[in-house]
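Protein chains get the first letters and strands the later ones, always in sequence-line order, with residue 1 at the start of each.
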There are 2 protein chains.
Amino acid sequence: MNSVTAIHPAAASKFEVTCSSCNLRELCLPAGLCDEDLQRVENLVYARRRVKRGEALYQAGGEFSAVYAIRSGFFKTSLLDNDGREQVTGFFMNGELLGMDGIGGAYHGTAISLEDSEVCILPYALIEDVSRDIPALQRRLHAVLAREIARDHGIMMLLGSMRAEERLATFLLNLSKRFLRRGYSSTEFHLRMTRDEIGSHLGLKLETVSRLFSAFQKEGLIEVQQKHVRILDIAGLERVLAARR
Amino acid sequence: MNSVTAIHPAAASKFEVTCSSCNLRELCLPAGLCDEDLQRVENLVYARRRVKRGEALYQAGGEFSAVYAIRSGFFKTSLLDNDGREQVTGFFMNGELLGMDGIGGAYHGTAISLEDSEVCILPYALIEDVSRDIPALQRRLHAVLAREIARDHGIMMLLGSMRAEERLATFLLNLSKRFLRRGYSSTEFHLRMTRDEIGSHLGLKLETVSRLFSAFQKEGLIEVQQKHVRILDIAGLERVLAARR
DNA sequence: CGCAGGGTTGAGCGCTCTCAATATAAGTGG
DNA sequence: CCACTTATATTGAGAGCGCTCAACCCTGCG
């Protein structure tokens with residue numbers, strides 16, 4: 001199921017034209033681009049690359065050359081500590097951009113595929129050139145970078161001031177929204193990451209994550225069986241967040 | 001003491017030329033710009049603005065129009081929760097850039113001055129134009145945004161996987177490095193933020209922060225008296241980090 | 001001098017971690 | 001296809017780190 005269910009009806013047709021080959025919605029969807037510009041954006045896609053489950057798309061410290069748009073699949077990005085401890089900085093799916101932290105030098109983190117995936121390669125040199133010619137794209141690119149910063153700030157808020165159940169509820173609601181945006185079910189999905197990876201991302205130990213899944217299930221908020229999750233009560237999950245004294 | 005002690009000898013003279021009026025080192029220092037370009041970069045500085053202690057430079061949700069370079073003073077940036085809880089996302093000083101999270105719409109967080117400060121206003125529209133003409137600046141701008149992302153990832157690592165003492169040690173070492181870079185003492189400085197703000201930034205309660213300061217003092221790592229800090233044993237602080245099992 | 005904001009310190013609790021055992025699923029090779 | 005191995009999840013018991021609540025102290029300022 002790689003076809004995209006567009007959620008911006010007005011932009012749907014244009015999207016089909018420009019991004020049928022690759023999910024560039026992040027870069028071109030909301031911008032008002034003329035057809036000619038759209039063609040140039042499409043040409044940014046230098047090539048595609050398959051990444052098998054467990055393989056790295058790029059490694060921390062590796063020379064930066066391109067940004068990647070995920071065509072299909074699922075990734076985690078992470079940082080490695082001196083002592084080998086991992087901090088998962090994010091999970092990325094279908095249609096999202098990856099590798100922007102490397103701009104201006106070397107990749108800061110590592111991106112690892114959690115299932116067989118395919119990405120579009122957007123060489124930075126090309127982006128530079130095209131965004132110079134197309135102000136709308138330049139603005140768009142900056143906006144994407146800014147949104148990444150805002151996203152990270154949200155996670156900082158989560159890690160800095162939420163309790164364990166709030167973190168997991170936030171995580172599930174976020175995943176749900178993103179699946180919905182992409183035309184998948186927002187209430188039933190398959191987690192591609194392990195409890196350990198979820199824990200690393202949320203600043204919790206894997207046992208805590210597992211316990212919380214069980215607790216949420218007991219409360220009738222979700223149904224879990226290993227990696228399969230069904231959300232039974234979205235409002236209930238939101239109430240977990242609202243219940244902060 | 002607003003004069004900047006340049007740390008890149010080669011670029012020092014140029015820096016003096018272009019940035020004497022405002023600390024634009026973030027944007028122009030490492031890039032290979034010709035004199036003419038430097039002039040254009042300097043012209044980015046549309047105006048200056050004084051911000052009194054406690055005042056907001058910009059507010060979350062406010063329309064984005066400019067990025068700010070801190071000429072003198074000290075700021076915190078923070079997010080406000082639905083319930084009014086604050087997460088401090090960073091502290092910014094002399095020569096650093098602020099407000100990039102707003103690019104592409106509205107400011108995502110709030111920036112509040114922790115002492116009487118002065119900033120240079122860099123209107124985004126101008127940056128857009130100039131960076132289109134000067135590839136080096138464009139690359140530089142992207143790099144600044146990417147560095148912000150990398151910085152946030154570092155904080156995520158701190159919040160997600162470090163224990164309280166490691167967090168405070170990291171915080172102190174980071175401040176120390178930044179003061180050094182700007183020509184101030186790296187071992188003795190005045191904290192402009194409260195224990196509560198430090199705690200919010202590090203994901204700790206203010207009492208915990210206070211206790212840790214006392215503990216570090218007892219161990220001979222630092223000397224603290226209220227907001228005045230002297231670092232006695234940098235290597236010792238680094239050992240706090242290394243001692244992660 | 002008195003007040004207010006910020007900082008320190010103590011006692012006790014509770015959330016999350018640690019350690020450990022068991023269960024379940026997913027591979028792997030014969 | 002099945003026995004075996006390995007990765008991943010679940011669950012329990014107990015400990016500890018950081019939080020909560022509370023009292024007190026310090027400093028600057030009207």
Would one find a side-chain N or O of B/T194 under 4.0 angstrom from OP1 or OP2 of C/dG5? no

Atom-pair distance (CG on B/L204; P on D/dC17), nearest Å: 14 Å

OP1, OP2 of D/dT10 versus side-chain N and O of A/R195: anything below 4.0 Å? yes

Which heavy atom in A/V209 sits nearest to a heavy atom in A/G199, and how many Å separate them? CG2-CA, 3.6 Å

D/dA9, OP1 or OP2 - any side-chain N/O from A/K227 closer than 4.0 Å? yes

Tell me which pairs pass salt bridge (Lys or Arg N to Asp or Glu O under 4.0 Å) where either residue lies in residues 185-202 of chain B, with sequence neighbours left out. B/K76-B/E197, B/E115-B/R192, B/E188-B/R230

Ignoring hydrogens and geometry beyond distance, is a side-chain donor-acceptor pair present between A/E86 and A/S200 at under 3.5 Å? no

Is it true that B/F189 and B/Y184 have ring centroids separated by less than 6.0 Å? no

For atom CG of A/L159 and atom C1' of C/dT16, their distance in whole Å: 15 Å

Nucleotide D/dT27, atom C1' - distance to NE2 of B/H190 in whole Å: 12 Å

Whole-Å gap separating C1' (C/dT8) and CD (B/Q225): 12 Å

Using a heavy-atom cut-off of under 4.0 Å over every strand shown, decide if B/L206 touches base, sugar-phosphate, or nothing. base

Which whole-number value in Å describes the distance from B/F213 CZ to C/dT9 C1'? 16 Å

Please state how far atom CZ in A/R53 lies from atom P in D/dT8, giving the value in whole angstrom units. 7 Å

What I want to check is whether an N or O donor and acceptor connect the side chain of B/R167 with the base of D/dG18 at under 3.5 Å. no

Rounded distance (Å) that lies between atom C1' of C/dG7 and atom NE2 of B/H228: 16 Å

Tell whether A/R192 reaches the base of D/dT8 with its side chain through a donor-acceptor pair below 3.5 angstrom. no

Judged by atom type as modelled, is there a donor-acceptor pair below 3.5 Å linking the side chain of B/S176 to the main-chain atoms of B/L172? no

When only distance counts, do a donor and an acceptor, one from the side chain of B/E207 and one from the base of D/dC21, lie under 3.5 Å apart? yes

Mind checking if B/S210 touches a base, just sugar-phosphate, or nothing, with heavy atoms under 4.0 Å? base

Toward the 5' end of DNA chain C, by each residue's nearest nucleotide, B/V209 or A/V209: B/V209

Could you tell me whether B/G203 contacts a base, only the sugar-phosphate backbone, or nothing, with contacts defined as non-hydrogen atoms closer than 4.0 Å? sugar-phosphate

Side-chain donor/acceptor contact of A/E165 with base of C/dC15 under 3.5 Å: no

Rounded distance in Å - CG (B/L212) to C1' (D/dG18): 9 Å

